[in-house]
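Computed from a predicted model, the values in this text were never measured in an experiment. Proteins come first, then strands; the chains are lettered A, B, ... in the order of their sequence lines, and each starts at number 1.
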Amino acid sequence: MYNKKLADLLFPNVTKTPEEVDAEFPLRGLPEGAVVSRMAPSPTGFVHLGNLVQGLTSERMTHQSGGVLFLRVEDTDAKREVPGAVETLIESLAHYNIVFDEGATIDGDNGAFGPYRQRQRKDIYHVFAKHLVAEGMAYPCFCTEEELEEIHKAQEAEKANFGYFGKWAKWRGRSIENIEEMLGKGMPWVLRFRSEGSIENKIKFTDLIKGNLELTENDIDHVLLKSDGIPTYHFAHAVDDHLMRTTHVVRGDEWLPTLPFHLQLFRALGYKPPKYLHIGPLMKMDGTSKRKLSKRKDPELALTYYKAEGYPVEAVYEYIMTILNSNYEDWRRANPYAPTSEFKFSYKKMNPAGSLFDVAKLRDVSKNVISLMSAEQVYDYVSAWALEYDPDFAKVFTKDPDFSKAILSIGRGGKKPRKDIAVWSEVKAYVSFFFDEYFRIEDSYPEASDKADIKAALEAFCESFDTNDDMNAWFDKIKAIADSLGYASDMKAYKNDPTAFRGSVADVSMFLRVAVTGRLNSPDMYSVMQLLGAEKIKQRIADICSSL
RNA sequence: GGCCCGUUGGUCAAGCGGCUAAGACACCGCCCUUUCACGGCGGUAACGGGAGUUCGAUUCUCCCACGGGUCACCA
């Protein structure tokens with residue numbers, strides 16, 4: 001009687017029953033084994049690697065099993081919400097090829113289980129909240145922030161455990177008159193769960209990633225509804241994931257401590273909990289110790305960081321897959337061009353511990369990914385990136401698309417493609433010497449080089465250079481120049497007795513390379529010269545000769 | 001402090017009672033080579049410690065140490 005009265009007092013406008021609400025959400029009728037999962041980010045405007053790790057896991061599990069992946073926006077914390085965050089969220093997930101079958105979209109909702117924005121589901125939560133009150137499993141609490149702080153301090157002083165429970169739960173056993181009075185005064189209240197658990201009891205639980213777990217029962221009367229009537233994550237999770245027929249919940253393992261409470265909630269509601277996959281955190285090296293990647297301290301946690309640096313989406317994707325499933329790398333090596341969907345993703349391969357995010361490894365993955373792209377693809381990516389992050393370079397780079405594509409074609413496409421590029425932001429430095437706008441002598445000749453020899457070699461080259469020569473004819477001419485100057489044209493002979501020569505054809509090539517590219521290192525010189533053309537080459541050689 | 005999770009080379013990681021303890025990245029050396037990159041070959045380098053169970057523990061159990069996470073009207 002008491003409970004029923006309290007329920008009506010607290011939720012006078014709620015008339016529906018949980019059964020009625022439940023019936024409004026259809027069963028999915030998916031085949032056995034089909035996974036239904038979701039991404040449920042909060043719209044803080046900050047999309048990070050963790051989201052991607054979790055999202056990719058859900059995405060693979062659902063789509064690989066013929067299930068459903070949906071997006072639910074957990075906007076229950078109005079204080080943290082950033083305007084436009086939902087849009088950025090959806091856009092950046094799309095950027096990383098996470099496509100939803102259902103859920104929140106920029107234009108609204110898509111699917112039969114909505115609304116997919118939690119603040120719009122307030123009435124739904126209230127039905128379940130009222131039910132819990134009526135069943136004696138929840139009660140209002142009028143504690144102010146100050147009072148809660150006092151409790152915390154008192155617990156600290158007593159060396160007691162923290163939290164609203166037992167003797168500290170001062171509103172747990174109040175009379176209905178007492179509550180009515182507070183309500184009458186218009187005092188704000190939150191709805192708390194009446195926990196019957198005890199920390200003396202252990203519960204056994206099997207997590208799909210962590211395995212068999214032994215956890216301590218929850219004895220804390222957690223908040224279900226905040227004073228604005230919006231649910232906390234916990235309550236929304238239980239209600240929504242039941243109604244939306246989620247079969248698998250993938251989330252970070254920072255949720256493990258509250259898992260006993262969630263399980264308790266499902267039981268109180270009378271629903272079967274989903275299967276859980278708790279993923280270990282992404283760590284980074286901080287000095288000599290590891291720590292979880294943090295929003296505040298680590299810019300590399302944000303997805304925007306990778307976009308700005310110019311990591312191709314595919315590279316970030318590949319790298320995360322290697323972290324998620326340790327056998328992914330081997331599979332990829334065997335199937336360089338296969339779509340990821342052909343890989344058999346398995347949660348059993350997931351590591352229960354947290355892993356260190358290794359930028360060096362990411363770069364390596366990225367180099368491999370880019371080395372397999374066509375020059376056109378690379379050109380498109382670089383142009384798009386530059387347009388946004390380096391407009392000056394974009395102008396130069398896109399002035400003559402065929403020229404730029406030809407540059408990118410050097411050493412691309414064979415069995416052993418060059419792997420010079422890890423991120424788009426490095427392309428400018430890689431190609432700059434092809435453009436007069438950027439060309440300059442970056443590396444100087446080694447001290448030991450004889451300036452007269454350099455000049456003689458360069459001049460001889462200019463006289464004999466013919467763009468119609470094929471690679472062999474071209475190099476034969478360079479060899480001839482080497483010979484004429486007392487430099488070995490045969491490297492073997494030179495290595496046998498370096499003292500017999502002034503140097504080798506390698507040195508002569510280097511004289512040319514510096515003059516033409518401004519650097520000691522470059523891609524294949526013949527290709528470079530073919531692209532540059534006789535006029536530019538001769539001009540550059542003349543310029544450097546006059547400065548010698 | 002309570003609770004929980006974790007611990008194989010510098011890093012990511014295979015392993016699931018018996019192995020010379022895979023592989024990848026990074027690093028070093030050699031080879032190829034007009035430079036660089038690619039590629040090939042090779043090398044350095046690991047089961048946190050202590051008890052037990054067992055004929056035998058990296059694998060199982062317990063304790064310790066260390067690392068991480070969590071204890072909000074945030075998710």
Identify whether any heavy atom of [X] sits under 4.0 Å from a base atom; if not, whether one sits that close to sugar-phosphate; answer base, sugar-phosphate or nothing.
X	result
A/Cys143	base
A/Thr76	sugar-phosphate
A/Glu145	nothing
A/Ser522	base
A/Lys349	sugar-phosphate
A/Val190	base
A/Lys361	base
A/Arg412	nothing
A/Lys202	sugar-phosphate
A/Ser326	sugar-phosphate
A/Lys79	sugar-phosphate
A/Asn327	nothing
A/Trp474	base
A/Arg363	nothing

### Query
Is the closest side-chain donor-acceptor distance between A/Thr44 and A/Glu81 under 3.5 Å?
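Absent: no donor and acceptor within the cut-off.
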I want to check one thing: is the phosphate of [N], taken as OP1 and OP2, less than 4.0 Å away from some side-chain N or O of [X]?
X	N	value
A/Asn161	B/C71	no
A/Lys292	B/C5	no
A/Ser355	B/A13	yes
A/Lys367	B/C38	no
A/Arg251	B/A75	no

Describe, in one word, how the ring planes of [X] and [Y] are oriented to each other, choosing from parallel (under 30°), tilted (30 to 60°) and perpendicular (over 60°).
X	Y	answer
A/Phe142	A/Trp189	tilted
A/Phe11	A/His126	perpendicular
A/His262	A/His234	tilted

Nucleotide [N], atom [atom2] - distance to [atom1] of [X] in whole Å:
X	N	atom1	atom2	answer
A/Leu215	B/G2	CG	C1'	14 Å
A/Leu356	B/G67	CG	C1'	12 Å
A/Lys284	B/G69	NZ	C1'	18 Å
A/Phe162	B/G2	CZ	P	11 Å
A/Trp255	B/C71	CH2	P	8 Å
A/Ile230	B/A75	CD1	C1'	14 Å
A/Met471	B/U33	CE	C1'	12 Å
A/Ile203	B/C5	CD1	P	11 Å

Whole-Å [atom1] distance, [N] and [M]:
N	M	atom1	answer
B/G10	B/C5	C1'	24 Å
B/U44	B/A24	P	15 Å
B/U34	B/A21	C1'	44 Å
B/C32	B/G40	C1'	8 Å
B/A46	B/U58	P	15 Å
B/G69	B/U53	P	37 Å
B/C12	B/C73	C1'	41 Å
B/G29	B/A51	P	42 Å

Select one nucleotide: of [options], the one nearest the side-chain heavy atoms of [X].
X	options	answer
A/Glu74	B/A75, B/G68, B/U34	B/A75
A/Asp364	B/C73, B/U35, B/C25	B/C25
A/Asp358	B/C36, B/U11, B/C4	B/U11

Both distances below 3.5 Å, Watson-Crick or wobble geometry, any strand: find the nucleotide opposite [N].
N	answer
B/A13	none
B/G42	B/C28
B/G6	B/C66
B/U54	none
B/C74	none

### Message
Base of B/C73, side chain of A/Ser227 - is there a donor-acceptor contact under 3.5 Å?
### Response
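Present.
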### Message
Against A/Trp255, only a single residue in A/Tyr276, A/Tyr233, A/Phe261 fulfils ring pair (Phe, Tyr, Trp, His ring centres under 6.0 Å); can you say which?
### Response
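It is A/Tyr233, the one option of A/Tyr276, A/Tyr233, A/Phe261 that forms the ring pair (Phe, Tyr, Trp, His ring centres under 6.0 Å) with A/Trp255.
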#### Entry: A/Ser42 OG to A/Asp77 CG distance, which is reported to the nearest 0.5 Å
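The distance works out to 8.0 Å.
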### Message
Taking the nucleotide of RNA chain B with the nearest heavy atom to each, does A/Lys226 or A/Pro352 sit closer to the 5' end?
### Response
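That would be A/Pro352.
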### Query
Which comes earlier along RNA chain B counting from the 5' end, the contact point of A/Lys210 or that of A/Asp228, where each point is its nearest nucleotide?
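Its nucleotide being nearer the 5' end, the pick is A/Lys210.
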### Query
So, A/Asp490 and A/Lys492, do they make that salt bridge, N to O below 4.0 Å?
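Salt bridge flag = no for A/Lys492 with A/Asp490.
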### Task
Decide ring pair (Phe, Tyr, Trp, His ring centres under 6.0 Å) for A/Phe266 and A/His237; before the verdict, give the C-alpha distance in whole Å, the side-chain angles of both, and the deciding distance to 0.1 Å.
CA-CA 10 Å; A/Phe266 274 100; A/His237 158 51; 5.5 Å; yes
All N/O donor-acceptor pairs, side-chain side in residues 506-515 of chain A, below 3.5 Å, sequence neighbours left out:
residue	atom	partner	partner atom	Å
A/Asp507	OD2	A/Ser504	N	2.8
A/Ser509	OG	A/Val505	O	2.9
A/Arg513	NE	A/Ser522	OG	3.0

### ring centroid sep under 5.5 Å plus plane angle under 30, A/Tyr233 with B/C74
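A stacking contact does not exist, since A/Tyr233 is not both close and nearly parallel to the base ring of B/C74.
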